[in-house]
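Only heavy atoms go into these numbers, but all of them, side chains included; no hydrogens, no water, no symmetry mates.
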Amino acid sequence: MRKYMFTILLTLAISNAAKAGNDVDLKFNPNSPSKIETLTMPDGQAVSYHAYEHLFFVSNVEDSTYQYLNFYIPASVSMNDSQTPIFLRTYIGGYMASQAMGPSATDATGRALLEGYVVCIPGSRGRNSIINKKGKNYYTGRAPAAILDLKAALRYLHYNDGVMPGDANKIITDGTSAGGAMSALMGATGNASEYEPLLQKMGTAPAKDNVFASVCYCPITDLEHADIAYEWLYNCTNDSTRKISDVQKTISNELATLYPAYINSLGLKKQDGTSITADNYLDYVKSFLITSIQRAKNEGCDIPDSIGIEFNKSEMPHFGGISGIKNMKNKTGMPPMRESPMMGDGGKIMIPMGNKEGEFVTDIDMKRYLNYVVTTQMLKTAPAFDSKNVVPGQAASGENGEFGNTKGSSVNFTAFSITKATNGKITEVNSDIKANVHLLNPMDFIGKSEVNTAPHWYIRHGARDRDTSLPIPINLATKLMNNGYDVDFCLPWNRPHSGDYNLDDLFLWIKGIIGSTTNATTETTECENSPGNVLIIYYDSTIGKQPLLKSTWEMGCETIYDYKNFNAIAIRVPINANLNSVITKLNKTKGVLSVNRDQIMHLD
């Protein structure tokens with residue numbers, strides 16, 4: 001492999017330590033003292049950067065341990081630069097406090113620097129952050145403190161856009177788990193008025209807080225509906241692999257019955273415009289898993305049929321070949337995770353579809369598959385999130401603490417759980433808690449005309465991630481798509497709860513949404529010139545596929561599959577054709593609803 005050495009200047013600028021009060025200057029000073037640092041990546045490449053650290057982002061600092069950001073500029077980026085995207089990574093996990101950290105060679109921050117992007121790492125208060133006032137401890141980070149701190153950091157970047165390197169109009173947020181939820185919130189709630197009084201009280205910079213794109217790994221979000229979604233999905237394992245008490249089984253059954261009404265209330269639609277209801281929702285969820293499994297099989301994974309996966313019994317069409325795919329078999333006895341990069345923006349890597357018996361995924365037995373998931377890791381008990389005292393003596397969850405008060409209390413935040421916990425004495429959550437739950441739910445803001453939601457989304461949730469249920473990220477991605485946003489979403493096969501993986505995929509996507517504007521050098525993959533490019537095209541059933549077929553024929557494309565279960569065809573674009581031009585023409589063809597480049601479900 002070719003290696004690149006980037007000579008780096010690192011400037012470390014540490015502001016004067018701020019104390020609680022009203023004397024913090026929110027203006028960025030580019031003339032602060034500096035020193036040189038270098039980050040060495042796992043493959044030996046080195047990247048140097050200028051670092052500005054301990055930049056407080058509110059004038060009324062309540063907790064100086066967390067309320068600041070660190071800012072890193074690759075040496076390849078000029079201090080006068082105004083075009084380079086800013087990659088903002090939050091390290092929030094479990095809704096706990098997160099100190100601003102430095103870039104890491106093992107996650108997306110180091111890769112972002114290597115790619116030539118400016119990196120911002122903000123701190124934020126969380127449910128466990130405490131300050132002491134006159135001998136008494138106060139919990140400073142209960143909801144919605146974390147998202148307020150992150151918004152304050154965003155406002156700082158926008159406020160100083162004219163003097164800080166990078167482009168604050170191209171901020172890309174990234175987070176995992178509760179951090180994924182925060183990334184989703186930053187993306188969904190840009191400039192939302194509900195936060196304004198709280199932000200002003202903190203003394204944030206007078207600027208906007210919207211972002212350009214959000215990267216969300218396994219976002220633990222939509223908390224007020226997370227319990228009913230979890231039990232709707234995993235209820236089928238209660239009498240087999242899941243180990244819960246009879247009382248909790250009863251709770252699980254009650255919660256599961258509430259989910260269909262919620263799905264019906266969302267008014268979601270499939271890509272072809274079909275309404276998503278409780279009657280077809282399970283098949284919708286299955287479609288994402290089937291896509292994930294097919295992609296993994298195409299890459300060489302052994303997928304056992306013993307876990308509920310059904311394969312074709314006769315010959316199926318072939319979607320084109322590929323070279324350079326690693327055999328992903330392992331020795332753990334568990335189907336391997338999908339690890340190697342697949343086709344990103346620009347169609348660099350092809351996806352083959354099997355043409356032999358047993359090579360094409362046709363269905364999945366969800367009960368068998370979910371029981372397989374439970375054998376790999378224990379599920380949460382019922383309720384999974386709002387658990388406090390629902391069963392007598394049941395411990396409070398982290399989410400119960402998240403909505404507690406400054407004294408460190410844990411509280412119920414759903415009507416179901418508070419009714420159970422109080423034996424029916426209280427049946428409604430109080431208004432203050434409701435307000436905080438609302439401020440932590442991106443689903444409530446998507447589609448509001450007065451909110452500046454990020455135009456681009458990259459959402460990943462492992463196919464066996466049980467920290468929240470599959471419907472949570474699926475609903476988030478679908479609602480975004482339904483409101484016209486560019487969404488790249490999939491459930492990576494056999495992956496548990498994790499984040500910042502398959503970074504080749506992520507940064508190909510980022511390059512696609514911003515264009516190749518950075519100074520980083522990239523390496524051509526072995527598969528860049530693989531023969532053919534596969535596109536999957538959805539069309540309006542009322543118009544039919546004839547205009548589409550005519551258009552593809554005129555461009556010399558080969559129709560390789562005509563789907564029977566939904567209105568779509570798959571085509572192979574000739575190797576000598578310009579893929580982007582073909583996609584542009586197809587999107588202008590009468591009746592075409594969407595054009596997808598690969599087997600990731602691109603919800604755009």
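Ring-centre distance between Tyr262 and Trp232: not below the 6.0 Å cut-off. The aromatic ring centroids of His456 and Phe212 lie less than 6.0 Å from each other.
With a 6.0 Å cutoff to the six-membered ring centre and a 45° limit on the axis angle, Arg460 counts as a cation-pi contact of Tyr458. No cation-pi contact links Arg155 to Phe57, judged by a cut-off of 6.0 Å to the six-membered ring centre and 45° from its axis.
Checking His438 against Asn441 by side-chain atom types alone, no donor-acceptor pair falls below 3.5 Å. For the 3.5 Å distance criterion, the side chains of Tyr156 and Asp209 fail to qualify, holding no donor opposite an acceptor. Side chains of Thr277 and Ser275: a donor-acceptor N/O pair is absent below 3.5 angstrom, by distance only. For the residue pair Thr241 / Asn371, a side-chain donor-acceptor distance below 3.5 Å is found, with atom types taken as modelled. Side-chain contact, Tyr281 with Asn475: a donor N or O sits under 3.5 Å from an acceptor N or O. Remark: the Tyr91 side chain and the Asp174 side chain contain no N/O donor-acceptor pair separated by less than 3.5 Å. Between the side chains of Ser124 and Ser98, no donor-acceptor pair of N or O atoms lies under 3.5 Å. Side chain to side chain, Lys208 and Asn169 meet the donor-acceptor criterion of an N or O pair below 3.5 Å. Looking at Arg125 and Thr140, their side chains never bring a donor and an acceptor atom within 3.5 Å of each other. For the residue pair Ser397/Asn400, the side-chain donor-acceptor check at 3.5 Å is satisfied.
Glu194 places a side-chain heavy atom less than 4.5 Å from the side chain of Leu439. With contacts defined as side-chain heavy-atom distances shorter than 4.5 Å, the pair Leu503/Tyr501 does not qualify. Considering only heavy atoms from C-beta on, Ile251 comes within 4.5 Å of Lys420 through its side chain. Two residues are said to be in side-chain contact when any heavy atoms from C-beta on lie closer than 4.5 Å; Thr176 and Cys218 meet this criterion. In this structure, Leu480 and Ile459 have side chains that are in contact, with non-hydrogen atoms separated by less than 4.5 Å. Residues Tyr259 and Pro471 meet the side-chain proximity criterion, which asks for heavy atoms closer than 4.5 Å. Residues Gln394 and Thr381 meet the side-chain proximity criterion, which asks for heavy atoms closer than 4.5 Å. Side-chain contact between Lys269 and Thr478 is absent, with no heavy-atom pair separated by less than 4.5 Å.
The two residues Ala278 and Ile263 have their closest heavy-atom pair at N-CG2, 3.9 Å. Across all non-hydrogen atoms, the minimal contact from Ile172 to Pro85 is CD1-CB, 4.3 Å. Counting all heavy atoms, side chain and backbone alike, Phe413 lies closest to Leu223 at CE1-O, 3.6 Å. The shortest heavy-atom contact between Asp386 and Pro383 is O-CG, 3.5 Å. Here the shortest heavy-atom pairing between Ala184 and Trp457 reads O-CH2, 3.3 Å. Nearest approach of Leu258 to Glu254, heavy atoms of both residues: CG-O, 3.5 Å.
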Between Arg89 and Thr109, does a side chain to side chain donor-acceptor pair (under 3.5 Å) hold up when you go through it step by step? CA-CA 7 Å; Arg89 173 67 153 90; Thr109 56; over 6 Å; no

Hey, mind stepping through Glu196 and Lys151 against salt bridge (Lys or Arg N to Asp or Glu O under 4.0 Å) and telling me if it holds? CA-CA 10 Å; Glu196 191 61 37; Lys151 280 181 168 288; over 6 Å; no

Could you walk me through whether Ser252 and Glu231 pass the side chain to side chain donor-acceptor pair (under 3.5 Å) check? CA-CA 5 Å; Ser252 173; Glu231 299 311 320; 2.6 Å; yes

Tell me, with the steps shown, if Met366 and Leu233 meet side-chain contact (heavy atoms from CB on, under 4.5 Å). CA-CA 9 Å; Met366 287 296 285; Leu233 186 70; 4.2 Å; yes

Carefully, step by step, assess Asp161 and His158 under the rule side chain to side chain donor-acceptor pair (under 3.5 Å). CA-CA 5 Å; Asp161 193 30; His158 280 287; 5.7 Å; no

Run the salt bridge (Lys or Arg N to Asp or Glu O under 4.0 Å) check on Arg127 and Glu399 step by step: do they pass? CA-CA 9 Å; Arg127 61 184 173 88; Glu399 288 76 17; over 6 Å; no

Carefully, step by step, assess Asn253 and Asn235 under the rule side chain to side chain donor-acceptor pair (under 3.5 Å). CA-CA 7 Å; Asn253 291 335; Asn235 181 266; 2.8 Å; yes

Passes side-chain contact (heavy atoms from CB on, under 4.5 Å), Asp167 versus Val118? Steps please. CA-CA 9 Å; Asp167 184 358; Val118 173; over 6 Å; no

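A salt bridge is defined here as a Lys NZ or Arg NE, NH1 or NH2 lying under 4.0 Å from an Asp or Glu carboxylate O, and Asp505 with Arg295 meets this definition. Checked for salt-bridge contact, Lys380 and Asp467 miss the test: no charged N lies under 4.0 Å from a carboxylate O. Under a 4.0 Å N-O distance rule, the pair Glu224/Lys434 does not qualify as a salt bridge. Ionic pairing of Lys388 and Glu402 is not present here: no N-O contact between side-chain nitrogen and carboxylate oxygen is shorter than 4.0 angstrom.
Side-chain atoms of Asp107 do not come within 3.5 Å of backbone N or O of Asp500 as any donor-acceptor pair. The backbone N or O of Gln294 lies less than 3.5 Å from a partner atom in the side chain of Asn298, making a donor-acceptor pair. Distance alone, capped at 3.5 Å, places no donor-acceptor pair between the Ser177 side chain and the Gly179 backbone. A donor-acceptor pair is defined here as one N or O able to donate and one able to accept, closer than 3.5 Å; no such pair exists between the side chain of His225 and the backbone of Ala229. Side chain of Ser292 to main chain of Leu491: a donor-acceptor pair is present (N/O by atom type, distance under 3.5 Å, no hydrogens or angles). No side-chain donor-acceptor contact under 3.5 Å links Thr274 to the backbone of Asp272. In this structure, Ser387 contributes its side chain and Ala384 its backbone to no donor-acceptor pair below 3.5 Å. A donor-acceptor contact shorter than 3.5 Å links the side chain of Arg142 to the backbone of Gly401.
Rounding to the nearest 0.5 Å places OG1 of Thr221 at 8.5 Å from CE of Met443. Put simply, CG on Leu88 and SG on Cys120 are 4.5 Å apart, with the number rounded to the nearest 0.5 Å. Residue Phe385 holds its CZ atom at 11.5 Å from OG1 of Thr414, rounded to the nearest 0.5 Å. Taking CZ of Arg111 as the reference point, atom CG of Leu113 lies at 12.0 Å (rounded to 0.5 Å).
The aromatic rings of Phe288 and Phe489 lie perpendicular to each other, with more than 60° between the two planes, well past the 30° mark.
Residues passing the side-chain hydrogen bond (donor to acceptor under 3.5 Å, both in side chains) test with Tyr195: none are found, sequence neighbours excluded. Residues passing the side-chain hydrogen bond (donor to acceptor under 3.5 Å, both in side chains) test with Thr173, sequence neighbours excluded: Ser183, Ser214.
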